[in-house]
Amino acid sequence: MDYELIERAREAQQRAYAPYSHFPVGAALRTEDGAIVVGVNVENASYPLGCCAERVAVYSAVAQGFRRFVRIAVVGPGPGLITPCGGCRQVLREFGDMDVLMADAQGTSEPKIMRLTDLLPFGFGKGDLNGL
Ligand code: THU
C-alpha cells in the first residue's frame, strides 16, 4: 500500500476550496517515475464550473510534463471511502489503467484499492475515434 501517496492526498485535502459543498477532497497521483502530483477540488460561485480533486491532479500533472501514472489516492472528508466520479474516471482513463486508492481523512479504516478499468469498464478511449 502506498501510504505516502495517501498521506499527500490527506495533506492536499486541507487546501481544498469547497465553500459550497463543504466536502473537501484531496487526490495524489503517483507517476511512473515516482513523482507525486496532488489536486484538490476547486468550487465556484457558478456551481457547474467547480472541478474535482482528481481532475485537478491530472491536469496539473500533464502541465508539469507527466503522462504516465501508476496509481491515484483519493481522500474524502467523511468516515466512508469515496470513489472518483464518472467524469474523473474517464479523465483518468485517457492516460491508461492504474490503481485507485480510496482512503478516509482520519485514517481509521483500511484503504481500499480498485483497478480503474474495474471502476470504468468499456470506457471510451483514443481507439474508439478510429471508427470515423
Ligand atoms: N468531488 C471530488 O473532488 N472528487 C470526487 O471523487 C467526488 C466529488 C468534489 C466535487 C465537489 O466539489 C464536491 O466534491 C461535492 O461533490
Side-chain angles (χ1 to χ4, degrees):
M1 183 60 76
D2 192 342
Y3 287 108
E4 184 193 15
L5 194 69
I6 292 169
E7 215 32 64
R8 292 289 296 278
R10 286 194 180 115
E11 286 166 18
Q13 189 202 14
Q14 309 293 313
R15 302 189 292 276
Y17 179 72
Y20 306 107
S21 70
H22 304 290
F23 193 88
V25 180
L29 267 177
R30 177 73 77 179
T31 71
E32 204 173 63
D33 47 7
I36 292 176
V37 180
V38 300
V40 298
N41 52 335
V42 181
E43 297 183 349
N44 193 279
S46 175
Y47 291 0
L49 299 184
C51 193
C52 291
E54 297 91 323
R55 249 176 277 184
V56 170
V58 170
Y59 298 155
S60 175
V62 172
Q64 291 174 53
F66 301 110
R67 291 183 182 180
R68 297 171 80 92
F69 311 113
V70 291
R71 65 191 75 90
I72 185 167
V74 186
V75 172
L81 306 180
I82 63 162
T83 64
C85 76
C88 288
R89 294 177 196 194
Q90 177 65 28
V91 168
L92 290 164
R93 186 223 186 271
E94 179 68 21
F95 298 97
D97 204 6
M98 68 186 79
D99 283 329
V100 178
L101 279 51
M102 295 155 267
D104 64 359
Q106 298 78 19
T108 42
S109 54
E110 193 52 33
K112 186 178 163 95
I113 304 187
M114 285 187 73
R115 210 61 194 151
L116 178 61
T117 43
D118 291 326
L119 288 168
L120 185 71
F122 305 105
F124 185 79
K126 294 180 186 81
D128 294 302
L129 295 172
N130 295 335
L132 281 180

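Values below: every heavy atom of this structure, side chains too, minus hydrogens, waters and symmetry copies. First listed ligand is number 1; within each ligand, the first listed atom is number 1. Keep in mind that what you see is a predicted model, and the values were worked out from it rather than measured.
- Taken to the nearest 0.5 Å, the OG1 atom of T83 stands 8.5 Å off from the CD atom of E54.
- Scanning both residues, M1 and I6, for their nearest heavy atoms gives SD-CD1, 4.0 Å.
- In summary, the atoms of ligand 1 found under 4.0 Å from a heavy atom of C52, numbered by their order in the structure, are 1 (N), 2 (C), 3 (O), 4 (N), 10 (C).
- Here the side chains of Y20 and N44 are not in contact, with every heavy-atom distance at 4.5 Å or above.
- Among all non-hydrogen protein atoms, the one lying nearest atom 9 (C) of ligand 1 is N41 ND2, 3.5 Å.
- Evaluation of the salt bridge (Lys or Arg N to Asp or Glu O under 4.0 Å) test over residues 100-110, restricted to residues two or more places apart or in two chains, returns R10-D104.
- Under 3.5 Å, the side chains of D33 and T31 contain a donor-acceptor pair of N or O atoms.
- Taking the salt bridge (charged side-chain N to carboxylate O under 4.0 Å, His left out) definition, one finds that D2 meets it with R30, R71, sequence neighbours left out.
- The two residues P77 and P24 come nearest to each other via the heavy atoms CD-O, 3.2 Å.
- Close approach to P84 involves these atoms of ligand 1, each under 4.0 Å from a residue heavy atom: 6 (O).
- Listed by number with element, the atoms of ligand 1 under 4.0 Å from a non-hydrogen atom of C85 are 6 (O).
- Remark: atom 12 (O) of ligand 1 lies closer than 4.0 Å to at least one protein heavy atom.
- If you number the atoms of ligand 1 from 1 as listed, the ones under 4.0 Å from a heavy atom of E43 come out as 11 (C), 12 (O), 13 (C).
- Taking only nitrogen or oxygen atoms, main chain and side chain alike, C51 does not reach within less than 3.5 Å of ligand 1.
- Summarising the contacts of atom 7 (C) of ligand 1 with I82, V56, V42, the nearest heavy atom is found in I82.
- Atoms of ligand 1 lying under 4.0 Å from at least one heavy atom of S21, given by number and element, are 13 (C), 15 (C).
- In this structure, R115 places its CZ atom where more than 12 heavy-atom neighbours from other residues, nucleotides or ligands lie under 6.0 Å away.
- Among all protein heavy atoms, the one lying closest to atom 16 (O) of ligand 1 is F23 CD2, 4.7 Å.
- Near E54, meaning under 4.0 Å from any of its heavy atoms, are these atoms of ligand 1: 2 (C), 3 (O), 4 (N), 5 (C), 6 (O).
- For the pair L116 and R89, the tightest heavy-atom approach, listed with the atom from each and the gap, is CD1-O, 4.0 Å.
- At least one heavy atom of T83 sits less than 4.0 Å from an atom of ligand 1.
- Shortest contact from atom 3 (O) of ligand 1 to any protein heavy atom: A53 N, 2.9 Å.
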